[in-house]
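Report on the structure given below.
Chain letters run A, B, ... following the sequence lines, proteins first, then strands; residues in each count from 1.
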Amino acid sequence: MNDYDPQSLERKWQRIWEESESYRTMVDEDKKSFYIIFAYPGISGYLHLGHMRCYTYTDFIARYKRMRGYNVLFPAGAHPTGNQVISLAKRVAEGDRNVMEYLRANGATDEDIRQLDSPKGIIDYFAKSYIKEWKNFGLSIDFSYFTDTSREDYSSFIRWQFKKLNDLGLLTQKPYYAPVCKNCGPVAVDPSETDLSKGGTAEVQEYTLLKFKFGSRYITAATLRPETVYGQTNLWVDPHEDYAVVKVDDEEWIMSDAAARKLGYQMDDVEVIGHISGREMIGKGAVAPMIHRQIPVLPAGFTDPDMGSGIVTSVPSDAPYDWIALKELKENRALLEEYGLEELVKEVEPVPIIDSKDWGSNPAERIILEMDIGSQGDVERLEEATQRIYRAGFHAGTMLGICGDYAGMPVQEAKDKIREEMMGSGEATPFYDLSEEVICRCGSDVVMGKIPDQWFIRYSDPELTEKSKVHARTMNIRPDTYGRTLPDILEWFQDRSCARLGNWIGTRFPLDDKWIIEAIADSTLYPAYYIVARHYNLGRFEAGQMTEAFFDFVFLGKGEADEVAGSTGIDTETLLEVRRDFTYWYPLDLNLGGKEHMTVHFPVFLMNHVAILDDKNWPQGIMVNWYLTMTGGKISKSKGGADPIPDVAERFGIDALRLYYAHSASPFVDKEWDEREAFNYRKRLGFIWRLVNRMRSVDGGESSVDDFLESRFNRLLERTFSFMDDYEIRKAANVVFYDMPAELEWYFKRGGENGALLDRLGETFVKLLSPFTPHMADELGELWDIKYVSEELIPDVDEVVISDEVEGREEYLRDVMDDIRNILSIADVSGDVIHIYVSPSWKKKVLEIALAETEKGMGLMSVLSKMLDVPPKRLSGYLRTILEDIKKNRDTVERDLALDEMKILQEDKSFIEREFEAEVNVHLASEDVYDPADRKDKAAPGKPAIYIE
RNA sequence: GCGAGGGUAGCCAAGCAUGGCCAAAGGCGCAGGACUUAAGAUCCUGUCACGUAGGUGUCCGAGGGUUCAAAUCCCUUCCCUCGCACCA
């Protein structure tokens, strides 16, 4: 027997699989199909151990299904849509040091790097790299189906999909506000900062820009709390600031320069035509929106030109900032005098507008007193106060009587209505801003911009939503919790923009080619396309021939093959074959992806299938996996931080890593990567290796433990199947790699050495290893002269050999031995002689009757006392305990009753003697035997009495 | 805020749906031993507390409740993690 040497045998088998085209997949009408995919990766860098978790799960299931007789389709692809590829290419072209280091650390050669300065180069390089890693992990993917979303054939498919969506009335255009870079167009603002160099945590603020009539102009003030307009008492401006006068349509609005610039991206024809100093406005009045009252403009120091419009409308009842600014102003004689505001300010008092549950109707005052905030300079604590008041008011507040039509309405509801009313009357307009500075990767500012004619997919469509929800409930979804919430997610799922302007990788929008279809929208139906891609990859037709009629025929069964052949120039036979492949493989059985897809990809994946394809082709299952993390954070492709896979694979072996994924945690929890653990799995495989070799080499005869092993093995086999059928990968791996070996070890310990049996079970066992550790399994399969274990079938469970009685015997023996061990550990005895007293037969009789007529309870005493010659006290005492036991665990009690304890103990006496290095005497408790410590009365069925000297 | 998922012995992690041999699987770590000796090896035993007899006590974030019986069901409470849409 050789030692387990994963590295060399893994290389060997990967080469063999490659050469023999092991995972080539073809339609076979005699077999049930099983179609499984993982959500293909976006191209943004190398794969890491986190991705591999998901891909390996997919492979476990694909391999298992294959070995249970399914014809499995397991393709893969890559997803370069978006701008990551472009930005990476740009950084390579610039010679960005971090990028260079990252590439080199992952094994890119100078020659590789030279080709990486163009998007095409990046896509080709990484697509190859992904395929290499997948092969390196032993994934049983058929790469003849490979595609990527930048290819022209893929674009033909996507254009078809969008035509279908349009035909179904599911596309629409409407204005949209999004973060945009002035150079690059729309960008994603999120913590991973894929598109950004700064500001990933910024949030989009949806302001209401209020207009205050100010002579012939309007002063503008942006608020996040439009419902507080009823409490406006004044405006705050910075006397030292110059404000822009902006021409908007025919009106002139006053705001900070920064605000004017931002507004320019959100409205047409915004033009700065002059300036006005803050000082100039102070002391004058402006007509506030909604309340239509003149309120004064007052000086304040806390206004910020970069926030909102740079001018603040003051609601001292509800805004701590305003309250304290007002108080300070009233106390500042010098300032009042300077601007001549003494009289004016006297009349400015907070106006209660909201009754917020915990804070009353003047919450700003109350919280400032409570928190003892001294001045408007205490920004940090004022922020906190503002937050607290806002929460309390928003969630538990009601509008007071002063608020016109909104009196008595919950704040939550009033907020949107008041905003709408003011926008309707022209007193306000929407204004979007980011909560902090955001800089694009290209270096320029990111601002909120208006896209007036943004394309959306109408996921809010009631019929589509309903159909999707109904279907979702029938799907096989893991974990269950996600299955339960998916219908709610579909309900909540709103229209989603599906195309963008600018320079991106992707498919041109078929209705208007200035748009590029964006990354989520072009990745929903792609499992259907893999099937077509194989034929395209074989050169059977060109992208240009993949017309609407072509896809209608293949995916929807519309039209006649001959006609489609005529219009596309693809021959009829090929068309029929592609159509047949699609109908054979579809629907998709399982789609696996990380938890980030739960509210993004999976809903659109499902809804597009439901919208476009026949109901028999709707997807059947989804499995979500959680992340592999490293020291707290998610491993990020673009930011690095992960060990390159080849290094790790070289150190532990692929099979050890695969077992690590399968067994170290449930798929539905985040798992912290720990290489000591990986090493332990490496050791475990060494153990399995030796165990299998031993099974194959032992060559003894039959013994009494054979039937136990056969029964237990089949029971565990059954359990493995049932776990795998439920995609309970961890549980299945636990049975195969821990429970089964433990039973085999027990068998050996008991002296089992039946060569024929071990040979037969060993062969099955090796096949069971294969879905998890395919390299090792194929290597071990050579012991049985199996060419490729991974192409074998795992045999069915042999129900006949499963026997509770047979297994009960071994369990009984283990229990007795545990008891002996327990006694030895606490008793102060030499342990040279062990006496075991088997229960008297009357107790068995009691047990039997109690089991049969449990409902009679202690009433059984009358019949028992007549039947048995036992003192009533002992009889009732025992009956009481046994009734208790039956209630607790009937199965165990039944097992005990079925045991022939005397026979078992006598047969296995020598085994016990060997284990404890002691002399063992077995007695029947009802006989008059050696019993110096008066133990034998304690004997009960299944629990013999023990005395050790 | 909205939505989801968690808190189990030194650590990781099962169990919780269908309450009952659950003091609670398994792994790691640790301790003792065996074996041989330098290997991140392998094997055995132990690892909540107490206990010279297989037992008893306490225990599954905290506090209540239901029940003959609760890690499991219900209520309250504290804490943690994650997703929230143009990033895949």
Side-chain angles (χ1 to χ4, degrees), chain A residues 39-44 79-84 176 178-179 186-196 200 390-391 394-395 412 454 456 459 479-482 484-485 488-489 492-500 518-521 523 593-601 603-604 626-627 629 632 634 636-638 663-666 668-672 674 676-677 679-684 686-687 690 730-731 734 737-739 742 745 749 815-816 818-829 884-885 887-893 915 933 935 938 942-948:
Chain A
Y40 53 23
I43 292 186
S44 61
H79 187 211
T81 307
N83 79 333
Q84 311 218 52
Y176 182 64
V187 291
V189 174
D190 72 286
S192 73
E193 299 193 340
T194 322
D195 295 351
L196 310 176
Y390 176 70
R391 275 197 201 129
F394 183 72
H395 296 285
Q412 258 181 79
Q454 174 67 51
F456 286 83
Y459 292 116
D480 297 348
T481 47
Y482 180 57
R484 282 196 293 275
T485 51
D488 296 336
I489 293 169
W492 148 93
F493 211 84
Q494 290 305 301
D495 295 351
R496 203 186 153 98
S497 67
C498 61
R500 52 201 344 192
E518 65 83 47
I520 302 296
S523 308
K595 65 178 177 180
E596 73 274 22
H597 293 115
M598 288 196 289
T599 54
V600 185
H601 168 252
V604 298
W626 267 235
Y627 296 139
T629 60
K634 176 183 167 183
S636 157
K637 256 190 293 192
S638 48
H663 188 259
S664 78
S666 139
F668 316 126
V669 292
D670 286 329
K671 172 71 191 175
E672 180 110 10
D674 179 351
R676 282 171 312 175
E677 246 183 291
F679 185 75
N680 282 320
Y681 285 109
R682 161 77 177 73
K683 286 197 293 192
R684 185 75 198 172
F687 166 81
R690 288 188 298 276
R730 188 196 141 99
K731 290 178 183 173
N734 195 249
F737 289 87
Y738 292 89
D739 295 345
E745 291 223 283
K749 194 173 175 180
D815 287 350
V816 172
D818 278 347
D819 279 348
I820 293 171
R821 206 170 280 125
N822 196 347
I823 294 166
L824 284 171
S825 73
I826 48 175
D828 187 18
V829 289
E884 218 26 49
D885 285 354
K887 205 152 114 192
K888 274 192 191 159
N889 199 322
R890 202 179 181 91
D891 290 351
T892 319
V893 177
E915 285 295 306
R935 299 269 163 212
K938 289 181 127 186
K943 189 144 178 87
I946 296 164
Y947 174 65
I948 302 175

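Taking atom CZ of residue A:Phe687 and atom C1' of nucleotide B:G26, one finds them 13 Å apart after rounding to whole Å. Straight-line distance from the CD1 atom of A:Ile520 to the C1' atom of B:C84: 13 Å, rounded to whole Å. Remark: P of B:C11 and CZ of A:Arg676 are 14 Å apart, rounded to the nearest angstrom. Computed from coordinates, the A:Tyr738 OH to B:C28 P distance equals 7 Å when rounded to whole Å. A:Asp488 places its CG atom 7 Å from the P atom of B:A4, with the value rounded to the nearest Å. What separates CD1 of A:Ile489 from P of B:G3 is a distance of 12 Å, to the nearest Å. Here B:A85 presents its C1' atom at 13 Å from NE2 of A:His597, a figure rounded to the nearest Å. Atoms CH2 (A:Trp626) and C1' (B:A4) sit 8 Å apart, rounded to a whole Å.
When the C1' atom is used for both B:G19 and B:A70, the distance is 6 Å, rounded to whole Å. Atom name C1', nucleotides B:U56 and B:G61: the rounded distance is 27 Å, in whole Å. Rounded to whole Å, the C1' atom of B:U72 lies 10 Å from the corresponding atom of B:A17. Nucleotides B:U58 and B:U76 have their P atoms positioned 29 Å apart, rounded to a whole Å. Remark: the separation of the C1' atoms in B:U67 and B:A13 is 30 Å, to the nearest Å. Spacing of C1' atoms, B:G5 relative to B:A53, comes out at 47 Å, to the nearest Å. B:C28 sits 9 Å from B:U42 when the P atoms are compared, rounded to a whole Å. Across B:A14 and B:A71, the matching C1' atoms stand 12 Å from one another, rounded to whole Å.
Take the nearest nucleotide of RNA chain B for A:Gln494 and for A:Arg684: the residue whose nucleotide is more 5' is A:Arg684. Nearest-nucleotide mapping onto RNA chain B: of A:Lys943 and A:Phe493, the residue sitting toward the 5' end is A:Lys943.
Base contact: A:Ala945 has a heavy atom under 4.0 Å from a base atom. The residue A:Ala178 sits apart from the nucleic acid: no heavy atom pair falls under 4.0 Å. A:Ser825 comes within 4.0 angstrom of nothing in the nucleic acid, heavy atoms only. Residue A:Ile948 is classed as a base contact, given a heavy-atom separation below 4.0 Å to a base. Within 4.0 Å of A:Ser666, counting heavy atoms only, lie sugar-phosphate atoms of the nucleic acid but no base atom. Within 4.0 Å (heavy atoms only), A:Pro944 reaches at least one base atom of the nucleic acid. Across all strands shown, A:Phe737 has no heavy atoms under 4.0 Å from either base or sugar-phosphate atoms. Within 4.0 Å of A:Tyr482, counting heavy atoms only, lies no atom of the nucleic acid at all.
Atom CD1 of A:Ile820 is separated from atom CD1 of A:Ile948 by 6.0 Å, given to the nearest 0.5 angstrom. Here the NE2 atom belonging to A:His601 is positioned 8.0 Å from the CD1 atom belonging to A:Ile520, to the nearest 0.5 angstrom. Taking CZ from A:Arg730 and OG from A:Ser664, the interatomic distance works out to 7.5 Å, rounded to the nearest 0.5 Å. Atom CD of A:Glu915 is separated from atom CZ of A:Arg821 by 7.0 Å, given to the nearest 0.5 angstrom.
Listed candidates were B:U45, B:G54, B:G83. Nearest to the side chain of A:Lys938 is B:G54. Comparing B:G54, B:G40, B:A53 by their closest approach to the side chain of A:Phe679 singles out B:G40. Across B:G54, B:A4, B:G46, the shortest atom-to-atom separation from the side chain of A:Arg821 is found for B:G46. Closest approach to the A:Glu677 side chain among B:A88, B:A4, B:C12 is made by B:C12 (side chain taken as heavy atoms from C-beta onward). Nearest nucleotide to the side chain of A:Tyr947, out of B:A88, B:A53, B:G5: B:A53. For A:Arg496, whose side chain is taken as the heavy atoms from C-beta onward, the closest listed nucleotide among B:A85, B:C44, B:A88 is B:A85. The side chain of A:Ala827 has B:A53 as its nearest neighbour among B:A53, B:A4, B:A25. Candidate nucleotides B:G15, B:A88, B:G83 were compared by shortest atom distance to the side chain of A:Lys731, and B:G15 ranks first. For A:Asn822, taking side-chain heavy atoms from C-beta onward, the closest of the listed nucleotides B:C12, B:A88, B:G54 is B:G54. Comparing atom distances between the A:Arg730 side chain and each of B:A13, B:G46, B:A88 picks out B:A13 as nearest.
Judged by Watson-Crick or G-U wobble contacts below 3.5 Å, the nucleotide B:C2 has B:G83 as its partner. With a 3.5 Å ceiling on both atom-pair distances, B:A41 lacks any Watson-Crick or G-U wobble partner. Nucleotide B:C30 forms a Watson-Crick or G-U wobble pair with B:G46, both donor-acceptor distances falling under 3.5 Å. Base pairing of B:G51 is not made with any nucleotide, judged by Watson-Crick or G-U wobble geometry with both donor-acceptor distances under 3.5 Å. Remark: B:C21 base-pairs with no nucleotide; criterion is Watson-Crick or G-U wobble with both hydrogen-bond distances under 3.5 Å. Under the Watson-Crick or G-U wobble criterion, with both distances below 3.5 Å, B:U36 is left unpaired in every strand shown. The pairing partner recorded for B:C73 is B:G65, the criterion being a Watson-Crick or G-U wobble arrangement whose two distances lie under 3.5 angstrom.
Across A:Cys498 and A:Gln454, no two heavy atoms sit closer than the pair N-NE2, 4.0 Å.
Residues A:Tyr681 and A:His663 are in side-chain contact: their nearest non-hydrogen atoms beyond the backbone lie under 4.5 Å apart. No side-chain heavy atom of A:Pro603 sits under 4.5 Å from any side-chain heavy atom of A:Trp492. You'll find the side chain of A:Phe456 stays beyond 4.5 Å of the side chain of A:Gln494, heavy atoms only. By the 4.5 Å heavy-atom criterion applied to side chains, A:Tyr482 and A:Lys595 are not counted as neighbours.
A:Asp819 contributes a side-chain N or O that forms a donor-acceptor pair with the base of B:G54 under 3.5 Å.
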